Chemist: 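Pasting a structure below so you can have a look.
Whatever order the structure lists them in is the order used to number ligands and atoms, beginning at 1. Every value quoted in this text rests on a predicted model; they were computed, and no experiment measured them.
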Amino acid sequence: MEKEGASNEQAREEGENSIVWNEKYRKFETRDREAYIEYQLIGGGKVMELVHTYVPPSKRGLGLAAHLCVAAFSHAEAQSLSVIPTCSYVSDTFLSRNPSWNSVVHKSKI
Ligand code: COA
């Protein structure tokens with residue numbers, strides 16, 4: 001019983017924290033929309049500038065911002081977009097901890 005309760009709890013948390021693409025508002029966000037990474041498309045739509053990441057204080061320090069970044073970088077890679085990491089969380093924390101994603105970072109001038 002206890003095990004089942006724990007896995008239900010886990011399933012609920014995974015559901016709450018699963019990331020969805022909100023194309024209209026140019027965000028990747030949790031289903032409750034409380035946490036998000038926001039972007040703009042520049043360079044004729046081929047470059048995704050990640051402008052802001054937000055996680056509510058009660059959910060910080062759990063890697064949620066990193067999940068948001070992975071969703072954004074995976075989307076960019078799949079769509080052959082390059083990424084400009086304007087948000088300091090992305091440039092200073094996410095990319096230094098996950099350097100393999102530097103392959104998707106935009107290299108030349110816009
Ligand atoms: N810039 C860069 N790195 C930051 C940061 C910032 N403004 N704020 C926190 N971090 C780093 C911390 O060093 C932390 O490291 P630790 O785990 O060793 O303590 C790390 O982010 C936590 O990573 P993660 O758990 O993936 O992030 P999170 O889910 O706690 O969310 C923010 C991180 C920055 C999105 C969240 O703190 C937030 O919404 N802050 C307010 C808005 C903001 O400053 N956004 C970033 C600039 S656009």
Chemist: Any chance CZ of R60 has more than 12 other-residue heavy atoms, nucleotides or ligands included, within less than 6.0 Å?
Modeler: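 Yes.
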Chemist: Tell me which one of I84, V83, L50, L81 satisfies side-chain contact (heavy atoms from CB on, under 4.5 Å) with Y39.
Modeler: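 By the side-chain contact (heavy atoms from CB on, under 4.5 Å) criterion, Y39 pairs with just one of I84, V83, L50, L81: L50.
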Chemist: Output every pair passing side-chain hydrogen bond (donor to acceptor under 3.5 Å, both in side chains) with a member in residues 87-96, not counting sequence neighbours, ordered by first then second residue.
Modeler: none
Chemist: Can you tell me how the ring of F28 sits relative to the ring of W21, calling it parallel under 30°, perpendicular over 60° and tilted otherwise?
Modeler: parallel
Chemist: Please name all residues satisfying ring-ring contact (aromatic ring centres under 6.0 Å, His included) with H106, sequence neighbours left out, ordered by chain then number.
Modeler: none
Chemist: Cluster partners of Y54, using ILVMFWY side-chain heavy atoms under 4.5 angstrom, listed by chain and number?
Modeler: Y36
Chemist: Using a 4.0 Å cut-off on heavy atoms, what residues surround ligand 1? Order them by chain and number.
Modeler: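 These residues qualify: H52, T53, Y54, V55, R60, G61, L62, G63, L64, A65, A66, C87, S88, Y89, T93, R97.
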